[in-house]
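Beneath this line is the structure, given in structure tokens, with notes to follow.
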Amino acid sequence: MILRDAAPSDVADLLAIHNEAVRDTTAIWDETETDLAERSAWLEGRLSAGFPVLVVEIEGAVVGYASYGPWRPKTGYRHTVEDSLYVRSSHQGRGLASILLDALIARAREAGLHRMVAMIESTNTLSVGLHERRGFRTAGVLTQVGSKFGRWLDLTVMQLDLDR
Ligand SMILES: CC(C)(COP(=O)(O)OP(=O)(O)OC[C@H]1O[C@@H](n2cnc3c(N)ncnc32)[C@H](O)[C@@H]1OP(=O)(O)O)[C@@H](O)C(=O)NCCC(=O)NCCS
């Protein structure tokens, strides 16, 4: 297992991971799969802004990634970031998300950021627990603010105080 920063050549693997989450999960509140051009622009945007995109590679393929980016666009929010974390279903349950999130938090602390926010669909107890064990606490739950697969989705809003 190799943990490293993403390179532009990883974009096809990142696209596959993203689209699997769109198709099969309520982690991404989108019903439409995206394409290589959109994911390339996303990756380029993150890297050029100096935000980390960390990947785990196994046997030559990227099977998971973690990143953070601006939580909200206005400049007053610049000390706060929002994380994202995905592992291919074929490689879940092996500790890869834990490794990725630990490394992502370390990067945010090195960058001198103040808060990390996680927005998690409320039935995703695995992700909520993963974040809680790293010090995130639930700030609140927004009920029925989304919908997918014919049901309402609640959003658990969590935050980590990075400079503690
Ligand atoms: C959520 C997700 C990232 C977890 O990835 P993963 O690589 O399978 O997770 P890990 O194997 O690292 O396990 C994470 C933690 O949950 C625990 N865990 C894993 N499977 C578990 C299970 N079946 N029951 C209880 N705990 C479990 C692990 O022990 C680990 O604990 P730790 O926090 O003490 O380290 C992955 O399931 C995923 O990509 N899901 C779809 C997208 C998604 O939900 N992303 C998160 C959006 S906020």
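Atoms within each ligand, like the ligands themselves, are counted from 1 in listed order.
Note: the hydrophobic cluster containing Val117 also contains Leu153 (ILVMFWY, side chain heavy atoms under 4.5 Å, direct or indirect links). Residues Leu15 and Val11 share a hydrophobic cluster, clusters being chains of Ile/Leu/Val/Met/Phe/Trp/Tyr side chains in contact below 4.5 Å.
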N/O donor to acceptor pairs below 3.5 angstrom from side-chain atoms of residues 79-87, sequence neighbours left out:
from, atom 1, to, atom 2, distance (Å)
Asp83, OD2, His131, NE2, 2.7

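Taking the side chain as every heavy atom from C-beta outward, Phe149 and Thr26 approach each other to under 4.5 Å. Trp42 is not listed as a side-chain neighbour of His18, based on a closest heavy-atom distance of 4.5 Å or more.
Near ligand 1, Ala27, Leu85, Tyr86, Val87, Gln92, Gly93, Arg94, Gly95, Leu96, Ala97, Ser98, Ile120, Asn124, Leu126, Ser127, Leu130, Arg133, Arg134 each place a heavy atom less than 4.0 angstrom from the ligand.
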(message) Set out, in order, the CA-CA distance, both residues' side-chain angles and the distance that settles side chain to side chain contact (heavy atoms under 4.5 Å, CB included) for Asp10 and Arg4, then state yes or no.
(response) CA-CA 11 Å; Asp10 295 321; Arg4 60 171 174 79; 2.8 Å; yes

